[in-house]
Amino acid sequence: MKKHKKKILFFSTLIVVLFYIMSIPAAAEESTTELSKDISGISGLLGNTDTLGIIYSLTIIALIPSILIMTTCFTRIIIVLSILRNAIGLQQTPPNQVLVGIAIFLSLFIMSPVIQDVNEQAYTPYKNGEITQQQALDNAIVPLREFMLRQTKEEDLNFFLDVNNSPRPESLDEVSTLVVIPAFITSELKRAFIIGFLLYLPFLIIDMVVASTLMSMGMVMLPPTMISLPFKLMLFVLVNGWQLTFQTLISGFN
């Protein structure tokens, strides 16, 4: 009897599982149909029945923060501030949120002329219906290209032109934006590391002096960073280090 009960239980369970598996494609088909109907409804509300066009627009919107970060002065500022924090010897002070906030507002301060040009040449005419969306995008990229080209080194631009097998342009206006952006990023990384190296030197000298002093006194077991950290903080405050750092970053872009 027990064996028969086990067989009946096994076959009933197997039948339930089979019915469940057979119902999955139908449920998936129904959910896909409902999803396509929802997308079509959204497309109708937006006045565009092209689903791929909507997906393309959403992708561009998702990439806008990354594009803005890599085409502005944000990259150089955040790298310099991170290197400065490591040079002083502070691990999480100021915290990352503070450094990112400083970099964002310094970027807005430095990029304000470019933002104003974009507003006057692209956004305001488009809002007033004077130009199309494509014309607004073309007008908006011009001030941003001028800013990036002013900060881009010639050797970096030539490198990406050679890699892209592009013909030598007669003027900078003929250079593709897809070539300008990576050349600009490369130049920004170089400048950021050069500034970080120069900021590192005075703090490195303090570490070397403190380490040699402790070694000459026979205090080998005492960590040099514990003694040098207060001196580095005092030096940075006495020379008004934050203002000098910000001044160097801002004047470097002007």
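Hydrogens, waters and symmetry mates play no part in the numbers below; they use all other heavy atoms, side chains included. Along the sequence shown, residues are numbered consecutively beginning with 1.
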* Please report the C-alpha distance between Phe105 and Phe109 in whole Å, then the side-chain angles of each, then the deciding distance to 0.1 Å, and finally whether the side chain to side chain contact (heavy atoms under 4.5 Å, CB included) criterion is met. => CA-CA 6 Å; Phe105 282 99; Phe109 179 78; over 6 Å; no
* Asked: Do any N or O atoms from the side chain of Gln135 and from the backbone of Thr132 form a donor-acceptor pair under 3.5 angstrom?
  ->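 Confirmed, Gln135 side chain pairs with Thr132 backbone.
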* **Check: Thr186/Asp156 side-chain N/O donor and acceptor closer than 3.5 Å** =>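 No, because no side-chain N or O of Thr186 sits under 3.5 Å from a partner of the opposite role on Asp156.
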* Polar contact flag, side-chain donor to acceptor under 3.5 angstrom, Gln116-Asn119 ->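 No - no donor-acceptor pair under 3.5 Å links their side chains.
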Within-4.5 Å side-chain heavy-atom neighbours: [X] and [Y]:
| X | Y | result |
| --- | --- | --- |
| Met70 | Glu188 | no |
| Arg85 | Val80 | no |
| Ile110 | Ile250 | yes |
| Ile79 | Ile195 | no |

* Decide side chain to side chain contact (heavy atoms under 4.5 Å, CB included) for Ile141 and Val118; before the verdict, give the C-alpha distance in whole Å, the side-chain angles of both, and the deciding distance to 0.1 Å. => CA-CA 8 Å; Ile141 199 64; Val118 172; over 6 Å; no
Got a second to check how far [X]'s [atom1] is from [Y]'s [atom2], nearest 0.5 Å?
| X | Y | atom1 | atom2 | value |
| --- | --- | --- | --- | --- |
| Leu81 | Asn86 | CG | CG | 11.0 Å |
| Thr71 | Gln151 | OG1 | CD | 12.5 Å |
| Thr245 | Phe236 | OG1 | CZ | 4.5 Å |
| Leu229 | Ile206 | CG | CD1 | 10.0 Å |
| Ile205 | Leu235 | CD1 | CG | 10.0 Å |
| Ile115 | Phe147 | CD1 | CZ | 10.0 Å |

* Hey, is CD on Glu130 packed in by over 12 heavy atoms from elsewhere, all under 6.0 Å? ->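 Atom CD in Glu130 is packed in, count exceeds 12.
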* Step by step, would you call Phe246 with Ile102 a side chain to side chain contact (heavy atoms under 4.5 Å, CB included)? -> CA-CA 10 Å; Phe246 296 158; Ile102 293 172; 3.8 Å; yes
* **Val114, Ile181, Ile185 screened by side-chain contact (heavy atoms from CB on, under 4.5 Å) with Met148, the one that passes** =>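 Output: one option passes, namely Ile181.
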* Do the side chains of Leu90 and Ile77 join up, straight or via other hydrophobic residues, at under 4.5 Å, putting them in one cluster? ->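 Leu90 and Ile77: one cluster.
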* Asked: Cation-pi between Arg76 and Phe253: NZ/CZ under 6.0 Å from ring centre and within 45° of the ring axis?
  ->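 Geometry flag: set, cation within 6.0 Å and 45°.
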